[in-house]
Amino acid sequence: MINPGHGRGPDSGSNSDPFPAGLRVLVVDDDPTCLMILERMLRTCLYRVTKCNRAEIALSLLRKNKNGFDIVISDVHMPDMDGFKLLEHVGLEMDLPVIMMSADDSKSVVLKGVTHGAVDYLIKPVRIEALKNIWQHVVRKKRNEWNVSEHSGGSLEDTGGDRDRQQQREDADNNSSSVNEGNWRSSRKRKEEEVDDQGDDKEDTSSLKKPRVVWSVELHQQFVAAVNQLGVDKAVPKKILEMMNVPGLTRENVASHLQKYRIYLRRLGGVSQHQGNMNHSFMTGQDPSYGPLSSLNGFDLQALAVAGQLPAQSLAQLQAAGLGRPSLTKPGMSVSPLVDQRSIFNFENPKIRFGDGHGQTINNVNKQMNLLHGVPTGMEPKQFAGSHMRVQQQIAGVRPGQNVQSSGMMLPVTDQLPRGGPSMLPSLGQQPMLSSSVSRRSDLTGAVAVRTSIPETNNRMSPATHSVFNNFSADLPQNSFPLASAPGISIPVSASYQEEVSSSDAKGGSSAATMATAGFGNPSYDIFNDFPQQQQHNNNINNRLNDWDLRNIGLVFSHQDAAAASAAFSTSDAYSSPSTQRKRRETDATVVADQGQNQQPPSRNLNHLNNVYMDGGSVRVKSERVAETMTCPPATTLFHEQYNQEDLMSALLKQV
Amino acid sequence: MQRQVALIKQSLFDQGYLDEQFMELEELQDDANPNFVEEVSTLYFKDSARLINNIDQALERGSFDFNRLDSYMHQFKGSSTSIGANKVKAECTKFREYCRAGNAEGCLRTFQQLKKEHSTLRKKLEHYFQLARQAGPKETARRPK
């Protein structure tokens, strides 16, 4: 692993950092001539070179000295182990960039290299010019990791050291001229990941060796087949296990393997040059500056597993992601307010788990809205930018026959409302519309898919709250939601607040699913308003959920609405929150350690919220992103009225 | 003397025995590695002799395992391109095409040609290196022309 100084070198330009000199390169080629030439070339580039003529030896070198190399260059055709196999192993076990090379320049082979996760593919004869630039792959990887870590890790607890680290990262970013570029890169990466997730699994035939369970090629293929059948996004260990039907295999084995597999896929995604088309809805109306948001998802994405739990009915897929970023990074920055902001998605699901709502009064809504008042609207853009907190809210409202897209905003851009609607939080409580809209439940339909991932262990979880948007037809002029403007806070028009509580059994009882179920509570409950408590709950929950398999907890709830117009969303009851399970993370960390991946990004929570609004049969898709810093108390818990207290409480209690 | 070396090298390029990759190698040569190109070439001829031997044996068996031949030839091609052995590389490419087409006759014929090119290059390079050594290390690191 290179040190930060190295990683920063290329960006900071003219400092005395010798980078990329000293880059530790492992070059693997069975052809002694090539190996000799490559070694010479690499040394000319001032890299530290280790050469190796057998892939097996290379792998053992890598395993023995996990942090001994920065990058691997491997030939494709080798007698003992195919270069792609080596690539897969490195991809699964070490988080190192791998460059493939071969005299074979056929498109299929190059493509194979790329889809297997190679960061580059060099055609022999390799030129020194190409080697001079290989450090960029190392830097890119580091940067991506930084991005991940930057956005995460802002737990209440980690102050001291972590803060320092974040500060450093900030500095690094400030020094670099390519911050945005980097972010973009990673956002692209994220997109690609999803695409690749869907497409590449078939090719994976790698076998992983684990201490206990040996994932033979056959076993892995069964695994891959099961995952493919379930869909990468929806595959959960339990189901995979069922499908594989292998005696002796435990859910934990599968979970662990799935986790690695997802990491692997993710890595593949990051590599490929193809841009995906994923998440169009997120990007709609966004300008490039939103890019960073996506980058926050480093984890990304793989839409995890929640799948089994959601009814397959709906067409619209909504995703909600809350981003948890370290608010601590900027001194003097008033982070907490930001944190408080949570967007809430409100769905009216008449049915469902929480469904029998006792009708709660609108008063509650107003009350809750008041919570938002505390949020300062005057945050400086700079601060936000610095902290990388960007909250974007994008709302597209489609009316029957009318397509209105309203504000996609970044936090920094406070007060800019596309529609000039009454923005700002304070006004929220006062909005008549809200209440009225609330009352009109029938109009509301929302589906939210929440993805959250929290890679690292130390984090606290912040309950993510999702704002609910109620779409009410007539009430809203132009369908634009004025509220959105808030300082980066996405404040839903809707009055209802929904709080999410992570619970393992969230829906449908698909246990394995890494879901955090949302608890919907009534505002009257202090629990939600009280962050510490919540945290406690979450922690408890986390502890209980050891079995979550994904390192990144991304929860995707997709609700598809067959009829688009109808109340399809009703099915979506639980919206999970990004709360992370600490326990799980620990487990993950362990696993990772085994794998030699020491570079896990600190945790962060991301939620992307896409809302689909249905208006009179038309479907509206909104995407909303909310960045949540963990440091802030989730004061804004929103509870939908529909969800009665008992449900909420039971959900919580169950977890505890 | 140095001029003679340059001329020989130039002729190797002009006649297509070598390509620009060879120049790349020469540029890697420095005071610390004054004989790098020669060392690499020596290694190449040694290793390629082994490959040729393997292919010979495979061909002598009569039953053509094209996959295997192709695999050998791939490696041959890889190392040949790496030192800029242009003509040998061309034969390798041709050989592989015949492999894919399942043309045993073509393979045999091409292989003979390949061996010929290989040995020609070897002689020419040996001669060149010999002269270059006599002329002095610096000259060898200079681009032709």
Side-chain angles (χ1 to χ4, degrees), chain A residues 21 25 27-49 51-55 73-85 99-110 112-113 121-133, chain B residues 18-51 54 67-86 88-90 92-93 95-97 99-100 118 121-122 125 141:
Chain A
V25 183
V27 54
V28 189
D29 196 332
D30 62 310
D31 182 336
T33 310
C34 292
L35 200 56
M36 184 178 184
I37 294 170
L38 281 168
E39 182 196 20
R40 182 75 222 121
M41 285 180 170
L42 292 166
R43 288 195 193 285
T44 300
C45 295
L46 302 178
Y47 300 149
R48 278 184 281 164
V49 186
K51 58 179 180 176
C52 177
N53 60 2
R54 311 282 289 184
I73 301 178
S74 173
D75 187 25
V76 171
H77 298 272
M78 289 181 286
D80 61 332
M81 182 192 283
D82 186 270
F84 294 123
K85 186 66 81 187
I99 295 173
M100 300 303 293
M101 62 181 175
S102 174
D104 192 342
D105 58 355
S106 68
K107 187 181 160 193
S108 62
V109 180
V110 176
K112 195 177 175 193
Y121 191 103
L122 305 176
I123 307 290
K124 287 183 180 178
V126 174
R127 312 214 154 230
I128 193 167
E129 283 75 16
L131 298 175
K132 277 175 183 164
N133 282 324
Chain B
L18 297 176
D19 62 21
E20 63 275 12
Q21 178 66 16
F22 191 80
M23 283 188 269
E24 285 249 339
L25 298 186
E26 293 207 315
E27 287 176 19
L28 291 172
Q29 211 160 248
D30 55 20
D31 291 342
N33 301 274
N35 300 313
F36 176 69
V37 178
E38 186 174 358
E39 287 163 12
V40 168
S41 298
T42 304
L43 182 61
Y44 164 72
F45 286 112
K46 185 175 149 203
D47 189 58
S48 55
R50 176 183 63 85
L51 279 172
N54 286 341
N67 282 336
R68 185 182 194 134
L69 288 173
D70 188 60
S71 172
Y72 282 137
M73 198 51 74
H74 177 79
Q75 194 183 344
F76 204 150
K77 185 186 172 189
S79 53
S80 298
T81 58
S82 293
I83 71 152
N86 199 32
V88 177
K89 180 184 76 178
C92 291
T93 304
F95 186 95
R96 297 190 70 195
E97 281 165 8
C99 277
R100 280 176 201 140
H118 182 261
L121 179 66
R122 180 176 203 154
L125 278 179

Working note: A/Arg40 + B/Asp30, criterion side chain to side chain contact (heavy atoms under 4.5 Å, CB included); need CA distance, chi angles, decisive distance, verdict. CA-CA 11 Å; A/Arg40 182 75 222 121; B/Asp30 55 20; 3.2 Å; yes
What part of B/Asp19 is in contact with chain A, defined as an atom under 4.5 angstrom from a non-hydrogen atom: side chain, backbone, both or neither? neither
Segment of B/Glu24 engaging chain A (4.5 angstrom heavy-atom cut-off): side chain
With side chains defined as the heavy atoms from C-beta onward, is the minimum distance between [X] and [Y] less than 4.5 Å?
X        : Y       : result
A/Asp31  : B/Lys77 : no
A/Lys124 : B/Gln21 : no
A/Ser102 : B/His74 : yes

Spacing of B/Phe36 atom CZ and A/Glu39 atom CD [to the nearest 0.5 Å]: 8.0 Å
Could you give the distance from OG (B/Ser79) to CG (A/Leu35), rounded to the nearest 0.5 Å? 12.0 Å
Best-contacting candidate, A/Thr44, A/Val126, A/Asp30, against chain B by heavy atom pairs under 4.5 angstrom: A/Asp30
Between [options], which has the largest tally of heavy atom pairs under 4.5 Å with chain A?
options                            : result
B/Ser80, B/Ser82, B/Ser41          : B/Ser82
B/Leu51, B/Ile83, B/Thr42, B/Val40 : B/Val40
B/Asp47, B/Leu28, B/Leu25          : B/Leu28

Determine, for A/Arg127 against B/Glu27, whether the closest basic-nitrogen to carboxylate-oxygen distance falls under 4.0 angstrom. no
Distance-minimising heavy-atom pair for B/Gly78 and A/Ala103: CA-CB, 3.8 Å
